[in-house]
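To keep things clear, I will list the structure first and then write my remarks on it.
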Amino acid sequence: MSSVEILGEKLAGVGLSDGDDPYRGNINGESEKNTVWRHGLPPSYTQVNTLFQSTRTKVWPKGSLEETVQNLVKTWEMELSHKTQIQDFKTIDPHNFSLCVNGRPGLSGKETLEVGSYNVLMQTSLPEELQYYKASKETFESSHEIFRTAFPGGFAWEVVEVYTGPPVVNFKFRHWGVMEGPFKGHAPTGETVQFTGIAIAKVDEKLRMKEVEVYYDPAELCGGLLRGQFDQNYGEYKTGIEGCPFFA
């Protein structure tokens with residue numbers, strides 16, 4: 001049996017190939033019967049999947065290492081955005097996990113769940129008066145609403161390249177969406193906003209992530225978000241409950 005086939009079996013073993021979603025598992029099924037969902041019911045990713053399928057740059061072979069890594073991270077993002085109890089997570093070791101972005105101190109699984117993926121991503125060491133997004137002032141809910149408003153069609157995520165396989169997985173990713181709504185007072189541009197980054201993930205024998213390090217250039221993201229004319233009177237409109245995270 002090849003290493004990719006072994007990975008596929010492990011992937012199925014942690015519930016990522018249960019057919020709930022083309023790219024995500026751990027949404028329905030017997031293992032989720034006691035899961036507490038943030039919005040009261042399992043999420044649907046139909047909208048962001050449409051964006052992903054129509055504008056992705058890579059189509060990975062089924063069962064490949066690249067597809068395995070991509071689906072694993074997408075499922076982790078789903079859990080982070082929609083599950084409220086860390087013990088319901090199956091993509092990470094809930095008691096032995098840390099997430100570090102751009103070299104800042106790592107956060108545990110529980111801390112990441114409390115803060116929210118967007119706030120973890122957008123943290124900065126700049127003085128507060130220079131911060132265009134103040135992560136410390138935003139809640140989990142408000143941060144997701146800000147990005148859902150800016151990207152009502154979804155904020156998609158893909159693996160661009162995988163450099164090494166388990167137990168230390170190094171990969172490059174791309175994150176993108178069409179800015180059809182305002183962002184913190186900046187007018188929508190109707191343009192694609194995107195950024196790329198590198199991640200290093202240490203996984204255990206069950207393919208659960210134990211440590212994740214993410215590196216990206218915030219200027220690449222904020223340059224697109226702040227391009228529209230600023231007007232503090234721009235209103236924010238509500239969208240659906242599709243999750244989309246830092247990882248989508």
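Below, each value reflects all heavy atoms present in this structure, side chains not excepted, and no hydrogens, waters or symmetry copies.
- For K134, the NZ atom counts as densely surrounded, since its 6.0 Å shell holds more than 12 non-hydrogen atoms of other residues, nucleotides or ligands.
- Within the 4.5 Å cutoff, no side-chain heavy atoms of I92 are placed close to those of K210.
- Closest heavy-atom contact between G165 and L65: CA-CD2, 4.1 Å.
- A distance of 8.0 Å separates CE in M78 from CZ in R24, rounded to the nearest 0.5 Å.
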For F171 and V169, run side chain to side chain contact (heavy atoms under 4.5 Å, CB included): C-alpha distance rounded to whole Å, both residues' side-chain angles, the deciding distance at 0.1 Å, then the answer. CA-CA 6 Å; F171 59 94; V169 184; 3.9 Å; yes

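- For the residue pair Q53 and Y23, a side-chain donor N or O sits within less than 3.5 Å of a side-chain acceptor on the partner.
- No hydrogens or angles considered: a donor-acceptor pair under 3.5 Å links the side chains of Y215 and E213.
- L225 is connected to F195 through a chain of hydrophobic side-chain contacts under 4.5 Å among Ile, Leu, Val, Met, Phe, Trp and Tyr, so both are in one cluster.
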When you look at N26 and T75, which way does the side-chain hydrogen bond (donor to acceptor under 3.5 Å, both in side chains) test go after all the steps? CA-CA 7 Å; N26 301 343; T75 301; 5.6 Å; no

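- For the residue pair T91 / E79, a side-chain donor-acceptor distance below 3.5 Å is found, with atom types taken as modelled.
- Every residue meeting the side-chain contact (heavy atoms from CB on, under 4.5 Å) condition with E111, not counting sequence neighbours, appears here in chain and number order: L107, S108.
- Remark: R38 is positioned above the aromatic ring of F140, its terminal NZ or CZ atom under 6.0 angstrom from the ring centre and at most 45 degrees off the axis.
- At a threshold of 4.5 Å between side-chain heavy atoms, the hydrophobic network of Ile, Leu, Val, Met, Phe, Trp and Tyr places F147 and V178 in two separate groups.
- Under the 30°/60° scheme for interplanar angles, the aromatic rings of Y118 and H144 are found to stand perpendicular.
- Scanning all heavy atoms of the two residues, the minimum distance from W60 to V160 falls at CZ2-O, 3.2 Å.
- Counting heavy atoms from C-beta outward, V214 and C100 have side chains that stay 4.5 Å or more apart.
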Take V212 and K202 through the test side chain to side chain contact (heavy atoms under 4.5 Å, CB included) and record every step on the way to the result. CA-CA 7 Å; V212 178; K202 295 181 180 179; over 6 Å; no

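- At least one donor-acceptor pair under 3.5 Å links the side chain of T55 to the backbone N or O of L51.
- Between S117 and L99 there is no side-chain heavy-atom pair separated by less than 4.5 Å.
- For the atom pair CH2 (W37) and OG1 (T84), the distance works out to 9.5 Å, reported to the nearest 0.5 Å.
- Connection of L80 to I200 is not established within any shared hydrophobic cluster, with ILVMFWY side chains joined at heavy-atom distances below 4.5 Å, either directly or through further cluster members.
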Would you sort out whether R104 and Q123 count as a side chain to side chain contact (heavy atoms under 4.5 Å, CB included), showing the intermediate values? CA-CA 9 Å; R104 290 189 292 273; Q123 288 178 353; 3.4 Å; yes

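- Judged by distance alone, the side chain of Q70 and the main-chain N or O of V159 form a donor-acceptor pair under 3.5 Å.
- Residues N71 and P22 approach most closely at ND2-O, 4.2 Å, considering heavy atoms.
- Of all the heavy atoms in S143 and N119, the pair that sits closest is CB-OD1, 3.5 Å.
- With rounding to the nearest 0.5 Å, the separation of OG in S81 from CG in L113 is 9.5 Å.
- Cation-pi contact between K184 and F230: absent, since separation from the ring centre below 6.0 Å together with deviation from the ring axis within 45° is not met.
- Qualifying side-chain contact (heavy atoms from CB on, under 4.5 Å) partners for T57, counting only residues two or more places apart in sequence or in other chains: E158, R174.
- Looking only at distances, no side-chain donor or acceptor of H82 sits under 3.5 Å from a matching main-chain atom of P43.
- Side-chain atoms of L121 and Y216, non-hydrogen and from C-beta on, do get closer than 4.5 Å to each other.
- Between P166 and V203, the shortest heavy-atom contact is CB-CG2, 3.8 Å.
- Through side-chain heavy atoms spaced under 4.5 Å, either directly or across other Ile, Leu, Val, Met, Phe, Trp or Tyr residues, I198 is tied to Y163.
- The distance from atom CZ of F155 to atom CD of Q194, rounded to the nearest 0.5 Å, is 9.5 Å.
- A heavy-atom distance below 4.5 Å is found between the side chains of K83 and K90.
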Given the rule in the side chain to side chain contact (heavy atoms under 4.5 Å, CB included) test, do E128 and K137 qualify, once you have shown the distances and angles that lead to the verdict? CA-CA 10 Å; E128 185 171 328; K137 304 294 185 182; 3.4 Å; yes

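- The CG atom of D93 lies 4.0 Å from the CZ atom of R208; values are rounded to the nearest 0.5 Å.
- For the pair V69 and K74, the minimum side-chain heavy-atom distance is 4.5 Å or more.
- Side-chain atoms of F97 and K110, non-hydrogen and from C-beta on, never get closer than 4.5 Å to each other.
- You'll find the side chain of V193 reaches within 4.5 Å of the side chain of L221, heavy atoms only.
- Taking each heavy atom of G228 and T189 in turn, the nearest pair found is N-CG2, 3.6 Å.
- Here the straight-line distance linking atom CH2 of W176 with atom CZ of R56 works out to 8.5 Å at 0.5 Å rounding.
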